[in-house]
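This report concerns only the one structure given below.
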Amino acid sequence: MKAGLRVVLDTNVLVSGLAYPGSVPGRIVGLWRDGGLEVALSRYILDEVARVLPRLARVELSADEIRDLVDSLIFLADMVEPDGEKDAELRDSADQQVLGTLVASRADYLITGDKDLLALRERYPVVTPAAFWEKHG
């Protein structure tokens, strides 16, 4: 792993990584937790995680436990305020905050499974978890 590699983890990667530790997203989250990766997040991404995690049957945590888990991630991550710029080519406006987190953080990568964000990979360093892991895992 390249020292000082800085990434933004999209909600789908964080949720998958927390729910399925053995998966590729799980290994990426594990690498972060072990200090092998610097992760930048925004409040928006963490709020999405708190909203989505309870929907997974596999996650058997109470609402308070989920909030505690999300709050603990604040201390592991470099929290940034998303850049306010709008990208007209972004197909799903809900992803603007995630893209803004990437821009504001100046991260090396945005790791996501979101097809709308991946469609912008010609202009931004957006990669799938598998592509990231293949290159840096």
Side-chain angles (χ1 to χ4, degrees):
M1 178 60 63
K2 185 171 100 184
L5 200 56
R6 182 174 168 86
V7 302
V8 171
L9 301 179
D10 194 4
T11 306
N12 56 63
V13 175
L14 266 175
V15 168
S16 296
L18 293 168
Y20 304 97
S23 67
V24 172
R27 291 188 294 228
I28 293 169
V29 169
L31 187 63
W32 170 35
R33 284 182 161 164
D34 293 342
L37 199 55
E38 185 182 336
V39 173
L41 297 173
S42 60
R43 190 81 234 177
Y44 176 84
I45 292 171
L46 289 178
D47 287 345
E48 267 197 329
V49 169
R51 206 173 60 248
V52 173
L53 261 181
R55 297 184 200 153
L56 293 182
R58 179 178 178 93
V59 177
E60 296 175 0
L61 298 172
S62 70
D64 286 343
E65 289 169 324
I66 287 173
R67 182 44 65 191
D68 287 347
L69 172 63
V70 168
D71 286 348
S72 74
L73 297 178
I74 291 170
F75 298 104
L76 287 174
D78 178 18
M79 297 299 293
V80 299
E81 187 64 35
D83 177 280
E85 292 284 314
K86 301 275 188 245
D87 189 307
E89 289 185 36
L90 190 56
R91 298 184 298 216
D92 181 355
S93 61
D95 291 329
Q96 198 67 63
Q97 293 282 326
V98 177
L99 189 61
T101 302
L102 170 66
V103 173
S105 70
R106 295 187 174 92
D108 298 299
Y109 296 102
L110 165 59
I111 305 174
T112 184
D114 185 307
K115 288 177 178 41
D116 292 323
L117 287 164
L118 288 164
L120 300 177
R121 67 179 137 207
E122 296 295 317
R123 294 178 32 235
Y124 299 96
V126 181
V127 296
T128 64
F132 177 82
W133 194 254
E134 187 176 304
K135 189 170 181 178
H136 300 287

- Those residues that, when tested against Ser62, pass side chain to side chain contact (heavy atoms under 4.5 Å, CB included) (two or more places apart):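 Listed in chain order: Asp64, Glu65.
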- Item | Contacts of type side chain to side chain contact (heavy atoms under 4.5 Å, CB included), residue Ala130, not counting sequence neighbours |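 Scan of Ala130 (side chain to side chain contact (heavy atoms under 4.5 Å, CB included), adjacent residues dropped) gives Thr128.
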Check salt bridge (charged side-chain N to carboxylate O under 4.0 Å, His left out) between [X] and all other residues, then give those that pass, not counting sequence neighbours.
X: Asp78; answer: Arg6
X: Arg91; answer: Asp116
X: Asp87; answer: Arg123

- Please name all residues satisfying ring-ring contact (aromatic ring centres under 6.0 Å, His included) with Tyr109, sequence neighbours left out, ordered by chain then number.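 Here the qualifying residues are Phe132, His136.
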- Message: Main chain of Gly84, side chain of Gln96: is a donor-acceptor contact present, judged purely on distance under 3.5 Å?
- Response: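 Between the backbone of Gly84 and the side chain of Gln96 there is no qualifying donor-acceptor contact (under 3.5 Å).
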- Task: May I ask you to decide if Gly36's main-chain N or O and Asp34's side chain share a donor-acceptor pair within less than 3.5 Å?
- Result: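 It does not hold such a pair.
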Could you tell me the separation between the [atom1] atom of [X] and the [atom2] atom of [Y], rounded to the nearest 0.5 Å?
X: Leu41; Y: Trp32; atom1: CG; atom2: CH2; answer: 5.0 Å
X: Leu5; Y: Glu38; atom1: CG; atom2: CD; answer: 9.0 Å
X: Asp92; Y: Leu90; atom1: CG; atom2: CG; answer: 6.5 Å
X: Asp95; Y: Leu118; atom1: CG; atom2: CG; answer: 10.0 Å

- Which atom of Gly113 lies closest to which atom of Pro129, heavy atoms considered: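 Gly113 and Pro129 have their closest heavy atoms at N-CD, 4.4 Å.
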- Query: Closest approach of Asp108 and Pro125, non-hydrogen atoms and distance?
  - Reply: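 So the minimum-distance heavy-atom pair works out to O-CB, 3.1 Å.
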- With sequence neighbours excluded, what pairs up with Asn12 under the side-chain hydrogen bond (donor to acceptor under 3.5 Å, both in side chains) test?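 Applying side-chain hydrogen bond (donor to acceptor under 3.5 Å, both in side chains) to Asn12 gives Asp10, Thr112.
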- With sequence neighbours excluded, tell me which residues meet side-chain hydrogen bond (donor to acceptor under 3.5 Å, both in side chains) with Ser16.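 Ser16 satisfies side-chain hydrogen bond (donor to acceptor under 3.5 Å, both in side chains) with no other residue.
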Show me, pair by pair, the donor-acceptor contacts under 3.5 angstrom made by side chains of residues 67-75, not counting sequence neighbours?
unit_1, atom_1, unit_2, atom_2, d
Ser72, OG, Leu69, O, 2.6

- Only one of Val127, Val13, Leu117 forms a side chain to side chain contact (heavy atoms under 4.5 Å, CB included) with Leu110, so which one is it?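 The residue from Val127, Val13, Leu117 that satisfies side chain to side chain contact (heavy atoms under 4.5 Å, CB included) with Leu110 turns out to be Leu117.
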List the atom pairs, donor and acceptor, that lie under 3.5 Å between side-chain atoms in residues 44-52 and the rest of the protein, sequence neighbours left out.
unit_1, atom_1, unit_2, atom_2, d
Tyr44, OH, Glu48, OE2, 3.4
Tyr44, OH, Ala94, O, 2.9
Asp47, OD1, Arg43, NE, 3.4
Glu48, OE1, Thr11, OG1, 2.4

- Message: Any non-hydrogen side-chain atom of Leu31 less than 4.5 Å from a side-chain atom of Ile28?
- Response: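 No, side chains not in contact.
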- Decide whether Val126 and Val80 are clustered together by the hydrophobic rule: side chain heavy atoms of Ile, Leu, Val, Met, Phe, Trp, Tyr closer than 4.5 Å, transitively.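 The answer is no; the residues belong to distinct hydrophobic clusters.
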- Keeping to residues at least two apart or across chains, list the salt bridge (Lys or Arg N to Asp or Glu O under 4.0 Å) pairs with something in residues 12-28.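 As it turns out, there is no salt bridge (Lys or Arg N to Asp or Glu O under 4.0 Å) pair with a partner in residues 12-28 once direct neighbours are skipped.
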- Message: I need the full list of ring pair (Phe, Tyr, Trp, His ring centres under 6.0 Å) pairs touching residues 76-104, with sequence neighbours left out, sorted by first then second residue.
- Response: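 Sorted result for residues 76-104: empty, none.
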